[in-house]
Amino acid sequence: MNIENFTPFPVTISEIFRYQKALKFQYEPEAKEIFENFDIDCHEDQEIFKKYCWRITEELGEALEAAYNREKQHVLEEFIDAFNFTIELFLLIGWEPYKQLEPQGVVAYQNKDVHVGLTAECMQEIVYDLTMCANLLKNRQWRQSQYLVDMHVFEKRMQTLWRTIFIAAGDLGLTEKDLYDLWTLKYQVNKFRIETKY
């Protein structure tokens with residue numbers, strides 16, 4: 001079962017966040033308590049944040065592999081998986097970025113050849129922004145002293161990450177509507193897999 005078996009449905013970014021959250025807790029019920037009690041200054045929770053950064057990075061790596069194989073549709077599918085985990089990263093910290101930062105006019109280059117160099121550049125920008133966010137989380141298991149996160153800088157970097165996701169989508173030839181449509185297709189696939197224990 002894959003995205004070709006479903007039809008897109010209209011959705012707003014706020015609905016995407018709501019649906020993704022419900023799906024997340026349906027798939028990983030144990031995550032609900034973690035998400036509801038997340039403390040960014042706690043070492044253990046900082047490690048969870050970094051784990052979600054890795055999930056995004058892994059999907060971006062798979063998108064790049066698909067680009068090497070000249071599989072444009074597969075590139076976009078892996079990109080939408082990274083988008084899903086990015087949403088979950090924002091849900092984890094209890095922040096809905098679209099309330100503070102609406103996507104500003106995603107400019108898509110239609111029918112653009114999604115080649116290796118382009119894909120690598122898009123993925124690299126996102127990974128860089130993820131790294132800059134995670135780098136502010138300084139608490140370690142072996143440290144006696146605890147460091148409070150500079151929330152002013154952290155939030156600015158998370159805003160940059162959110163903006164970069166939409167810029168990358170445009171560079172990969174997706175309009176904002178295309179991005180949301182792709183999300184609805186993958187959402188339906190994931191929901192089917194969960195409900196049928198696929």
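Just so we're clear, the structure is a prediction, and the values are computed from it rather than from any experiment.
Note that the CD atom of E65 and the NE2 atom of H74 stand 7.5 Å from one another [nearest 0.5 Å]. Atom-to-atom distance recorded for I87:CD1 and L92:CG is 13.5 Å, nearest 0.5 angstrom. Atom CD1 of residue I126 and atom CD1 of residue I165 lie 4.0 Å apart, to the nearest 0.5 angstrom. A distance of 9.5 Å separates CD in E78 from CD in E71, rounded to the nearest 0.5 Å. Between I48 atom CD1 and H43 atom NE2 the span is 10.0 Å, to the nearest 0.5 Å. Rounded to the nearest 0.5 angstrom, F154 CZ and L136 CG are separated by 7.5 Å.
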- Task: Check the pair N2 / L185 against side chain to side chain contact (heavy atoms under 4.5 Å, CB included), numbers first and verdict last.
- Result: CA-CA 8 Å; N2 54 46; L185 294 173; over 6 Å; no
- Should F90 and M158 be marked as a side chain to side chain contact (heavy atoms under 4.5 Å, CB included) after you check the CA-CA gap, both sets of side-chain angles, and the distance that decides it? CA-CA 8 Å; F90 279 99; M158 289 295 288; 3.5 Å; yes
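Around CZ of R70, the count of heavy atoms belonging to other residues, nucleotides or ligands within 6.0 Å does not exceed 12. Heavy-atom contacts from other residues, nucleotides or ligands closer than 6.0 Å to OH of Y128 number 12 or fewer. Taking a 6.0 Å sphere around CD of E121, one finds it holds 12 or fewer heavy atoms contributed by other residues, nucleotides or ligands. Around CD of E62, the count of heavy atoms belonging to other residues, nucleotides or ligands within 6.0 Å exceeds 12. Enclosure of atom CD in E30 by more than 12 non-hydrogen atoms of other residues, nucleotides or ligands within 6.0 angstrom is indicated.
Note on F6 and I3: same hydrophobic cluster, where clusters join Ile, Leu, Val, Met, Phe, Trp and Tyr whose side-chain heavy atoms are under 4.5 Å apart, directly or indirectly. Hydrophobic clustering, with ILVMFWY side chains joined whenever heavy atoms are under 4.5 angstrom apart, groups F38 together with W162. Cluster membership check: F79 does not share its hydrophobic cluster with Y68, using side-chain heavy-atom separations under 4.5 Å among Ile, Leu, Val, Met, Phe, Trp and Tyr. F83 and W54 end up in different hydrophobic clusters when Ile, Leu, Val, Met, Phe, Trp and Tyr side chains are linked at under 4.5 Å. Both I34 and I40 belong to a single network of hydrophobic side chains, linked directly or stepwise wherever heavy atoms of I, L, V, M, F, W or Y lie under 4.5 Å apart.
Between the side chains of Y180 and E176, a donor-acceptor pair is found at a separation under 3.5 Å. For the residue pair W95/E155, the side-chain donor-acceptor check at 3.5 Å is not satisfied. Using modelled atom types and a 3.5 Å distance limit, the side chains of T175 and D178 yield a donor-acceptor pair.
The existence of a salt bridge linking K51 and E47 is excluded, since no basic side-chain nitrogen approaches an acidic carboxylate oxygen closer than 4.0 Å. Remark: D129 does not engage R157 in a salt bridge, criterion side-chain N to carboxylate O under 4.0 Å. For E59 and R55, the salt-bridge test fails: no basic side-chain N is under 4.0 Å from an acidic carboxylate O.
M151 is not listed as a side-chain neighbour of L148, based on a closest heavy-atom distance of 4.5 Å or more. With contacts defined as side-chain heavy-atom distances shorter than 4.5 Å, the pair N84/N190 qualifies. Side-chain contact between T160 and R163 is present, with heavy atoms from C-beta onward closer than 4.5 Å. Between T57 and T131 there is no side-chain heavy-atom pair separated by less than 4.5 Å. In this structure, W183 and L179 have side chains that are not in contact, with every pair of non-hydrogen atoms separated by 4.5 Å or more. Contact annotation: the side chain of L130 never approaches that of E125 to less than 4.5 Å [non-hydrogen atoms, C-beta and beyond].
Here the closest non-hydrogen pair linking K72 and L172 is CE-O, 4.5 Å. Smallest separation of non-hydrogen atoms from A67 and V116: O-CG2, 3.5 Å. The shortest heavy-atom contact between T12 and E15 is N-OE1, 2.9 Å. Smallest separation of non-hydrogen atoms from A63 and V75: O-CG2, 3.5 Å. Counting all heavy atoms, side chain and backbone alike, C122 lies closest to D171 at SG-CB, 3.6 Å. Residues A31 and K24 come closest through the heavy atom pair CB-CE, 3.9 Å.
For the pair K191 (side chain) and K186 (backbone), a donor-acceptor distance under 3.5 Å is absent. A donor-acceptor pair is defined here as one N or O able to donate and one able to accept, closer than 3.5 Å; such a pair exists between the side chain of N37 and the backbone of E33. Proximity of a side-chain donor or acceptor of D41 to a complementary backbone N or O of V149 within less than 3.5 Å is detected. Checked by atom type and distance alone, the side chain of Q188 pairs as donor or acceptor with a backbone atom of T184 at under 3.5 Å. Checked by atom type and distance alone, the side chain of E195 never pairs as donor or acceptor with a backbone atom of F192 at under 3.5 Å. The closest donor-acceptor contact from the side chain of D45 to the backbone of D39 lies under 3.5 Å.
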